[in-house]
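Each chain gets a letter, A, B and so on, in the order its sequence line appears, and its residues count up from 1.
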Amino acid sequence: MEYEYREILLLTGLEEITKKELQRFKYFVMDEFKISRSQLEETTNRTELADLLIQSAGPALAVTKTIHLFQKLNYMHAAKCLQEQKKKVESQSMTNRKKKETQQVEKRSQAESCSGASATSRGESSKKNSAPEVHPQAKPQKQQTVAEQEAIREGLQKDPLAVLVLKTTNPFKCETEEDIFHVTVATATAFFFVKVLYAPFKDKFTPRRTIKISNYLWHFNFLEVTSSSIVVDADTDLKVCVPNNLRQKAGRTPTIKMLKTQPCGTIVNGIFKVQKITEKQKDRVLYGVEDKTGEMDVLVLGNQDKIKCETGDKLRLVFFEVSEDGEKTQLKSGPYSFFKVIKSPKPKTEQKEKFTLKSTHLNNTSLKDSNTAS
DNA sequence: GGCGCGCGCGCC
DNA sequence: GGCGCGCGCGCC
């Protein structure tokens, strides 16, 4: 429980806000948490700040106070997200407790269908991967209850998970100045995005290799590997077979229509076509993107003076998350997101067209050019 | 029975 | 990895 609070405070709470917002937040922290300025100034990153808040108020109260401050500062989205996660943690611990009680009465509890397809497949995968050869202490004979599966899913996982590496990004410096990279891995039944906060692991995450990961963190919808995780090559006889359709699904850009049905916080990787640049400020840019199924906004936070993007270009997004802007679903960058503009190639045919247009309809063309330039 | 949606597959 | 086709399922 304490761990979950720590986790949501850091992941949903403090990382949901921008650097600037964090500075303002810190200012109000002194009062709300009764923390001295000098103590506060000693914290150099969000993790240390989260620890300090928890030290001062205890995990549950730290989350409540943070929500309160977010509301006060009008960070309504962050406040809402944190509140939701807090409720989730609370109701989860309630159901876990209830499940344990009923379990004793009714031993033969069938694992009912979990909510959401990915959740189901995750449940299956954790069952598959708790096969005797991977961690012998598991009891495969007994079917796991939903509560037990949940317990496996959230938080620190010590037992090794065997996965096939599908795809990796190159290491890059994220907003918190750490060198990190992202990976897509799969088991026989599900694929997962992995945030690796320790660049030296890059050698281990080689595509097409089967590896075993332990001491990693299970978040709501992704894995987190840190320097204290263990990543090793799987034994040569252990091969994770990933069906082709799953591989394709793992690499495919989700449709906008589908994304609009996903809950806040869902991690998204993909390539999206820019339809318009809605809003451009010093520390944030709002892009309108489209595909066959619809349109949505992509909010990229942070300084983007150097980013040159125009209508028709594509955005490669890694580790963005589904978020809400009022009623509308949008994608939003987080501190660990990767963002790149793929310039649309100026096709020769277009140049040819321009040439023919110029030679035939000079007046029209000059008009057209001035339109596109503005 | 028709239609639409979602998924899988194969080609580029 | 995108795109387009085709199949199958479910709803009306």
From CG of A:N245 over to C1' of B:dG6, roughly how many Å is that when rounded to an integer?
13 Å

Salt bridge flag under 4.0 Å for residues A:E324 and A:K80:
yes

Residue A:R252, side-chain heavy atoms: nucleotide from C:dC3, B:dC5, C:dG1 that is nearest
C:dC3

Considering only heavy side-chain atoms of A:K257, the closest of B:dC5, B:dG10, C:dG2 is B:dC5

In this structure, how many angstroms lie between the C1' atom of C:dC3 and the CD atom of A:E290, rounded?
16 Å

To the nearest angstrom, the NZ-C1' distance between A:K314 and C:dC3 comes to 11 Å

Figure out the CG/C1' separation between A:N269 and C:dG2, and round it to whole Å.
16 Å

Expressed in angstrom and rounded to an integer, what is the separation of A:Q248 atom CD from C:dC3 atom P?
14 Å

Separation of B:dG6 P from A:L259 CG (nearest whole Å):
13 Å

Counting only side-chain nitrogens and oxygens, does A:T253 get under 4.0 Å of the OP1 or OP2 atom of C:dG2?
yes

Whole-Å distance, A:I342 CD1 to C:dG1 P, equals 11 Å

5′-ward residue of the pair A:R316/A:K292 relative to DNA chain C:
A:R316

So A:H219 and A:F222, would you call those rings parallel, tilted or perpendicular, with 30° and 60° as cut-offs?
parallel

Parallel, tilted or perpendicular, judged at 30° and 60°: which one describes the rings of A:W218 and A:F192?
perpendicular

Output the rounded distance in Å from CG (A:N244) to P (B:dC7).
17 Å

May I ask you to establish whether A:K65 and A:F33 are in a cation-pi arrangement, using a distance under 6.0 Å from NZ or CZ to the six-membered ring centre and at most 45° from the ring axis?
yes

